[in-house]
Amino acid sequence: MRTLKHFMALALALAMALPIGAKPKIRIIATGGTIAGVSVTSASTAYTAGQVGIQTLLDAVPQILNLADVDGEQLVNIGSQDMNDEVWIKLAKRINEILNDEGYDGVVVTHGTDTMEETAYFLNLTVKSEKPVILAGSMRPSNAISADGPANLYNAVAAASSPACRGMGVLCCMNNQLLDAKTVIKTHTIDCDTFEGGPSGIIGYIYNGEAHMLQTPNNKHTVNSVFDVSKISRLPKVGIVYGYANASPIPMQALVAAGFDGIVLAGVGDGNFYKDVFDVAVKAQESGVQIVRSSRCPTGPTCLNSEVEDSKYHFVASLDLNPQKARILLMLALTKTHDWQEIQQLFKEY
């Protein structure tokens with residue numbers, strides 16, 4: 001992580017550039033999720049995601065109008081388990097329009113937590129603006145006792161309104177914390193304090209409606225990313241195969257037979273293969289299906305040419321990316337190149 005001195009100076013300059021008394025202009029894009037969910041009763045753990053619309057979310061937090069001039073739109077209304085490539089592309093294009101053509105100062109995306117880290121990373125690679133893009137969700141539905149959605153939405157608008165978050169790439173705002181799109185992971189199935197920043201920790205936090213940054217990402221993102229979806233309507237097909245003891249080669253064989261362009265292995269340890277799966281992976285790579293090694297371990301890198309001779313087999317090591325984020329980078333990488341060495345370089349940079 002680099003020093004924040006440059007970013008503090010930039011934030012001060014941007015703040016001084018705003019007319020006195022002017023509020024930032026923030027657009028909220030709603031996609032559904034638990035934050036828009038409704039439970040049977042306020043004390044029930046059973047609920048249906050994506051039930052209430054953007055206006056209901058805004059009405060629940062009138063205090064955000066003290067932070068910014070806020071309006072919203074409903075892109076989709078789904079549980080994030082149903083998030084897909086089509087919505088990702090549509091969302092990235094819409095954010096670029098809002099920030100680059102429509103004069104908004106920041107964007108908040110309300111999103112389900114199950115795949116929030118994936119959407120955040122996809123946007124981190126495809127949004128073409130230094131303005132803040134903040135994802136927020138909740139672990140409790142909108143009508144639950146002590147619903148966490150309103151506070152997360154308020155804090156996300158605070159972050160999107162803050163010059164301190166400019167140039168930081170896409171961030172997730174959950175439980176008063178700001179987390180970098182590359183490193184954020186969901187660690188618990190039901191707790192509100194489920195999101196963590198991996199080994200690097202949180203990137204900042206929200207306190208009393210203000211963003212306080214602790215560090216800044218050191219990977220390429222947003223305006224420095226080579227990836228562009230403005231003219232893309234579909235992404236290459238990439239799947240994930242889970243590694244385990246005595247693993248069957250059938251899942252990998254099935255993806256190859258289905259014409260997938262790439263496969264990410266959520267391997268054991270440092271991205272290792274079971275021997276039967278390894279043999280299929282070698283043949284797949286030789287046939288033009290790019291293989292990326294990652295790990296099912298929640299933290300730690302998958303090292304290049306460590307326990308597997310990646311250079312010999314033309315495999316790519318995911319390095320710091322978990323399987324679900326390695327899949328996203330591989331999909332975008334395959335829109336640029338099919339050379340395994342060039343793809344490995346992209347994994348080093350992003």
Side-chain angles (χ1 to χ4, degrees), residues 1-16 18 23-24 26 28 35 61 63-64 66-68 70 95 99 104-111 113 116-117 119-121 123-125 127 129-139 148-188 191-225 299 320 325 350:
M1 296 289 179
R2 303 193 304 257
T3 175
L4 286 179
K5 189 178 295 183
H6 169 75
F7 293 96
M8 291 174 66
L10 176 62
L12 178 61
L14 288 168
M16 293 176 64
L18 282 174
K23 293 180 181 179
I26 305 299
I28 299 177
I35 193 170
V61 198
Q63 297 88 346
I64 61 175
N66 297 325
L67 299 171
V70 178
I95 292 173
L99 296 180
Y104 283 81
D105 298 299
V107 167
V108 171
V109 179
T110 61
H111 196 286
T113 60
M116 181 185 289
E117 64 184 85
T119 298
Y121 187 58
L123 295 176
N124 206 42
L125 301 179
V127 166
S129 176
E130 291 188 342
K131 297 176 182 178
V133 176
I134 314 295
L135 274 71
S138 70
M139 292 300 291
D148 53 325
N152 289 336
L153 182 57
Y154 178 85
N155 287 337
V157 171
S161 303
S162 175
C165 292
R166 187 182 176 100
M168 293 289 186
V170 176
L171 303 176
C172 294
C173 184
M174 294 287 292
N175 204 37
N176 302 321
Q177 298 178 337
L178 294 170
L179 303 116
D180 170 38
K182 180 176 180 178
T183 61
V184 60
I185 51 175
K186 184 176 181 179
T187 65
H188 197 282
D191 277 357
C192 290
D193 189 21
T194 179
F195 283 95
E196 296 182 6
S200 60
I202 67 172
I203 197 170
Y205 61 93
I206 303 294
Y207 182 71
N208 282 343
E210 294 184 3
H212 301 267
M213 307 310 295
L214 303 174
Q215 51 186 329
T216 185
N218 57 13
N219 54 285
K220 288 185 177 180
H221 57 74
T222 55
V223 294
N224 294 317
S225 170
T299 58
D320 295 325
K325 291 180 183 176
Y350 293 90

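For the numbers below, each heavy atom of this structure counts, side chains included, while hydrogens, waters and symmetry mates do not. All residue numbers in this chain count up from 1 along the given sequence.
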A side-chain contact here means heavy atoms from C-beta on lying under 4.5 Å apart; do [X] and [Y] qualify?
X	Y	result
M116	C172	yes
T119	V109	no
Y350	H221	no
K325	V184	yes
M139	T113	yes

Heavy-atom closest pair, residues [X] and [Y]:
X	Y	value
I35	H111	CG2-N, 4.5 Å
A160	P132	O-CG, 3.6 Å
A156	A136	CB-CB, 3.6 Å
I28	T110	CG2-CG2, 4.0 Å
I203	Q215	CG1-O, 3.1 Å

Does the N152 side chain pair with the main chain of N175, one donor and one acceptor, at a distance under 3.5 Å?
yes

Do side-chain atoms of K186 reach the backbone of E117 as a donor and acceptor pair under 3.5 angstrom?
no

Using 0.5 Å steps for rounding, measure from the [atom1] atom of [X] to the [atom2] atom of [Y].
X	Y	atom1	atom2	result
C165	I134	SG	CD1	5.0 Å
L135	L178	CG	CG	12.0 Å
D193	H188	CG	NE2	9.5 Å
L125	N224	CG	CG	11.5 Å
T216	L214	OG1	CG	11.0 Å
T222	I95	OG1	CD1	11.5 Å

Listed partners of N124 passing side chain to side chain donor-acceptor pair (under 3.5 Å), at least two apart:
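Applying side chain to side chain donor-acceptor pair (under 3.5 Å) to N124 gives none.
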
Could I get the full list of side chain to side chain donor-acceptor pair (under 3.5 Å) partners for N219, not counting sequence neighbours?
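Checked N219 against side chain to side chain donor-acceptor pair (under 3.5 Å); zero matches.
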
Under the side chain to side chain contact (heavy atoms under 4.5 Å, CB included) rule, collect the residues that match up with T187, sequence neighbours excluded.
I185, T194, E196

Test side chain to side chain contact (heavy atoms under 4.5 Å, CB included) applied to E210 - qualifying residues, sequence neighbours left out
H212

Looking at V157, L153, V70, L67, which hits side chain to side chain contact (heavy atoms under 4.5 Å, CB included) with V61?
L153

Enumerate the residue pairs fulfilling salt bridge (Lys or Arg N to Asp or Glu O under 4.0 Å) with a member in residues 150-163, sequence neighbours excluded, ordered by first and then second residue.
none

Partners passing ring pair (Phe, Tyr, Trp, His ring centres under 6.0 Å) against F195 (at least two apart in sequence or in another chain)
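F195: no ring pair (Phe, Tyr, Trp, His ring centres under 6.0 Å) contacts found.
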
